[in-house]
Amino acid sequence: MQLLKIKNQIDIEIKNILSNKYNIDKKTIVFENPKEIQNGNLSTNIALQLTRDLKQNPIIIAEAIASEIQISEYISEVKVAKPGFINIYFSDSYFKMLIEEVDINYGSFKRKDQKKYLIEYISANPTGDLHLGHLRNAVYGNALVNLMKKAGYNVGTEYYLNDAGAQMNNLGLSARYFYLLLCNQEVDFPEDGYRGKDIESIGKMIFDEFNNQKKDESIDFFIEYSYKINLENIKSILEDINIRIDSWVSEKELFKNDIVKDTLQILEDSNDLYEKDGALWLRTSKYLDEKDRVLKKSTGEYTYFTADVAYHIEKYKKGFTNLINIWGADHHGYIPRIKSSIFSMGQDPDTLEIPIIQMVNLLEDSKTLKMSKRAGTSVTIKRLLSEIDKDVIKYFFVMRSPDTKLDFDISLAKEQSVNNPIYYINYAYVRINSILNKALEFEYKSKLNNQYFTEIEKNIINLISTYPELIVESANKRLPHIIANFLYNLASLFHKYYDQEKVFTDNPIIVEKKLYLLEKISIIFQDGLNILGIKLKNKM
RNA sequence: GUCUUGGUAGCUCAGUAGGAUAGAGCAAUGGCCUUCUAAGCCAUCGGUCAGGGGUUCGAAUCCCUUCCAGGACGCCA
């Protein structure tokens with residue numbers, strides 16, 4: 001990409017100047033894209049950084065360096081500014097080159113490393129409907145996958161289904177409870193049961209289908225029935241919001257296929273296993289954990305953790321070299337033990353990365369709604385999707401840093417849908433479409449005839465030229481919201497441009513140039529929102 | 001108590017591999033539709049970047065400390 005290219009060139013040039021002039025070998029030179037265009041298109045603070053070593057006024061150093069930077073076809077001016085910045089200004093012909101390189105593959109990278117990433121996300125237990133926390137996780141994960149692919153990473157995705165253990169039993173008991181109620185049979189509510197409307201409706205479904213024929217049916221029937229319904233619901237919601245997962249792994253299968261047993265065998269060799277109080281322990285405290293963890297209870301049952309260790313090792317066995325688990329903040333305390341287990345299994349724990357997504361606080365009319373499954377008040381995505389545009393919801397989740405807890409007010413989201421930032425971006429796109437359609441009518445072509453750009457056009461090109469770097473940065477930092485912010489800024493510049501300069505004027509050369517620019521902007525909107533997993537409307 | 005994430009404008013948030021006068025949206029006030037979609041644009045108002053110390057040419061950003069808020073601390077899953 002052009003901007004990266006020219007940065008490299010100037011980087012080398014300045015390093016040469018430094019070594020010739022001051023005999024200094026500087027490893028990295030920091031470049032910035034100044035916010036204000038009067039500070040140039042590229043800027044470096046190298047002179048400021050050298051003040052201590054050289055014991056000179058930074059302005060003097062900056063001027064000495066700046067005077068030796070070659071003015072070229074691409075660089076029209078090099079200036080020194082206040083404390084000691086060196087500001088580099090691009091030539092018009094370079095702006096032309098910057099915008100000319102924008103196409104569908106703009107900002108797409110290839111990586112040379114052989115790493116294969118597996119991103120596991122959502123992995124909500126199939127004990128009920130998905131809720132908002134899962135949705136944030138899903139939307140973030142989906143955007144991260146797209147982003148990393150764009151940046152050249154080799155990425156696969158997975159959903160881990162906890163379809164074994166006590167919780168499945170609780171699910172079955174709860175469904176049976178609601179079913180038996182409908183059969184007019186007095187029963188106690190199960191101790192750790194789920195009270196949610198979703199489970200209640202499963203009880204009703206069973207009753208509707210079988211009447212009271214299943215009154216004496218074994219618990220397995222209720223477990224299987226409920227599990228199937230829940231899994232279908234989860235899958236259909238993910239389909240509704242256009243999120244695809246490559247593979248689904250079942251905890252039950254891990255036991256069936258002896259993967260858990262095999263894992264214990266490997267751990268046996270690691271010397272990190274021991275028995276105490278009739279239970280089997282893993283010495284996780286040897287590595288990162290604050291205390292050891294039980295793998296096999298004194299009752300002979302395996303813990304959830306055991307299956308999870310087996311599951312993680314299985315991921316490596318499948319050929320993935322790097323794992324990314326996207327977890328909610330409530331799972332934070334679980335990180336040290338799982339990383340420790342990876343140590344014990346002979347893998348490098350640094351190859352397991354765990355971005356933590358902060359909780360979603362659900363509000364309605366400014367009042368907090370509790371999201372506990374047990375209390376049965378969790379608000380389902382199904383309900384939200386029926387009331388609010390799914391792309392509005394998705395943008396709302398992906399526009400913010402995952403490190404901030406999110407207040408999601410249902411009533412506000414509905415009200416503000418008109419003022420929602422996604423519409424601001426989409427509106428820019430719609431305006432461009434509308435102009436381009438009109439251009440077809442008038443039989444204008446888009447064409448870059450000369451290299452004259454107005455101030456605002458240079459601003460736009462300048463911003464667009466940073467897109468490829470932002471792709472890399474946000475992918476490496478695992479922060480898709482950086483792209484959301486970028487798109488918003490681009491939309492803002494476009495709206496300004498739209499307002500300042502009409503496209504259809506008397507001069508066909510200028511019309512063609514503007515159409516050309518608009519096509520490029522449109523490409524960026526489409527590409528960026530595609531990464532975020534959001535569909536653009538063609539008309540509003 | 002320990003671990004962890006936050007604390008930036010009235011509200012919701014950007015901005016942290018140290019950089020130029022700290023930015024948006026919403027809210028408030030005032031302007032802009034006889035040419036491409038006013039879901040827009042422009043202007044005004046609004047800040048002790050939680051408090052205190054430190055590091056340095058330079059700190060919202062790094063370090064120490066105090067306070068406040070969310071989350072987690074099972075032979076549950």
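Order of the sequence lines sets the chain letters (A, B, ...), proteins ahead of strands, with each chain counted from 1.
Considering only side-chain N and O atoms, A:K496 lies nowhere under 4.0 angstrom from the phosphate OP1 or OP2 of B:rG40. Dashed line: the shortest gap from a side-chain N or O of A:Y334 to OP1 or OP2 of B:rC76 is not under 4.0 Å. A close approach under 4.0 Å does not occur between any side-chain nitrogen or oxygen of A:K405 and OP1 or OP2 of B:rU12. Within the 4.0 Å cut-off from OP1 or OP2 of B:rC36, not a single side-chain nitrogen or oxygen of A:T505 is found. Within the 4.0 Å cut-off from OP1 or OP2 of B:rC13, not a single side-chain nitrogen or oxygen of A:Y488 is found. In this structure, A:K82 reaches the B:rU21 phosphate: one of its side-chain N or O atoms is under 4.0 Å from OP1 or OP2. At the phosphate of B:rA39, neither OP1 nor OP2 sits under 4.0 Å from any side-chain N or O atom of A:K537. Between A:R431 and B:rA38, a side-chain N or O to OP1/OP2 separation shorter than 4.0 Å is present. Between A:H481 and B:rG15 there is a side-chain polar atom (N or O) within less than 4.0 angstrom of OP1 or OP2.
Cation-pi contact between A:K79 and A:Y89: present, with separation from the ring centre below 6.0 Å and deviation from the ring axis of at most 45°. Cation-pi contact between A:R195 and A:F189: present, with separation from the ring centre below 6.0 Å and deviation from the ring axis of at most 45°.
Of the two residues near RNA chain B, A:V294 and A:R400, the one whose nearest nucleotide lies more 5' is A:R400. Of the two residues contacting RNA chain B, namely A:R52 and A:D292, the nearest-nucleotide position lying further toward the 5' end is that of A:R52.
The aromatic ring centres of A:Y427 and A:H495 sit less than 6.0 Å apart.
Between the C1' atom of B:rG19 and the CG atom of A:N45 lies a distance of 7 Å, rounded to the nearest Å. The nearest whole Å value for the distance from the CG atom in A:N420 to the P atom in B:rC13 is 14 Å. The distance from atom CG of A:L490 to atom P of B:rA14 is 20 Å, rounded to the nearest whole Å. Nucleotide B:rC75 holds its C1' atom 10 Å from the CD atom of A:E301, rounded to whole Å. Between A:I354 atom CD1 and B:rU5 atom P there is a gap of 13 Å when expressed in whole angstrom units. Atom OH in A:Y427 sits roughly 16 Å away from atom P in B:rG25 (whole-Å rounding). Between A:K297 atom NZ and B:rG74 atom C1' the separation is 10 Å, expressed in whole Å. Look at CG on A:L50: it is 15 Å from C1' on B:rG19, rounded to the nearest Å.
Using a 4.0 Å heavy-atom criterion, one finds that A:Q167 contacts the sugar-phosphate atoms exclusively. The residue A:T404 sits close only to the backbone: its heavy atoms come under 4.0 Å of sugar-phosphate atoms, none of a base. Counting any heavy atom pair closer than 4.0 Å across all strands shown, A:E501 reaches a base atom. Looking at heavy-atom distances under 4.0 Å, A:D330 makes contact with sugar-phosphate atoms alone, never a base. A:N169 comes within 4.0 angstrom of nothing in the nucleic acid, heavy atoms only. At a threshold of 4.0 angstrom between heavy atoms, the contacts of A:Y424 are confined to the sugar-phosphate backbone, with no base atom among them.
Nearest to the side-chain atoms of A:D277 among the listed nucleotides B:rG6, B:rG19, B:rC75 stands B:rC75.
Across B:rC63 and B:rG23, the matching C1' atoms stand 27 Å from one another, rounded to whole Å. Taking atom C1' on both nucleotides, B:rG19 is separated from B:rC62 by 14 Å, rounded to a whole Å. Across B:rG58 and B:rU21, the matching P atoms stand 14 Å from one another, rounded to whole Å. Distance noted for atom C1' between B:rG54 and B:rG15: 24 Å (whole Å). Taking atom P in both B:rU61 and B:rC49, one finds a spacing of 10 Å when rounded to whole Å. A distance of about 14 Å separates the P atoms of B:rC11 and B:rG7, rounded to the whole Å. B:rG30 and B:rA22 have their P atoms separated by 28 Å, with the value rounded to a whole Å. Nucleotides B:rU16 and B:rG6, compared at atom C1', are 14 Å apart to the nearest Å.
In this structure, A:F504 and A:F442 have perpendicular ring planes: the angle between them is above 60°, well past the 30° mark. Between A:F396 and A:F408, the ring planes are perpendicular. Angles over 60° get that label, and only those under 30° would be called parallel.
Remark: A:K296 does not engage A:E301 in a salt bridge, criterion side-chain N to carboxylate O under 4.0 Å. A salt bridge links A:K477 and A:E473; the closest N-O separation between the charged side-chain nitrogens and carboxylate oxygens is under 4.0 Å.
Counting distance only, with no hydrogens placed and no angle test, the side-chain atoms of A:D163 and the base atoms of B:rA77 include no donor-acceptor pair under 3.5 Å. Remark: the A:T303 side chain and the B:rA77 base include no donor-acceptor N/O pair separated by less than 3.5 Å.
B:rA20 has its base stacked against the ring of A:F85, the centroids being under 5.5 angstrom apart at an interplanar angle below 30°.
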Report the C-alpha separation of A:S344 and A:S341 in whole Å, then their side-chain angles, then the decisive distance to 0.1 Å, and conclude whether the side chain to side chain donor-acceptor pair (under 3.5 Å) test is met. CA-CA 5 Å; A:S344 292; A:S341 77; over 6 Å; no
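For B:rC33, the glycosidic angle deviates from 0 by 90° or less, giving a syn base.
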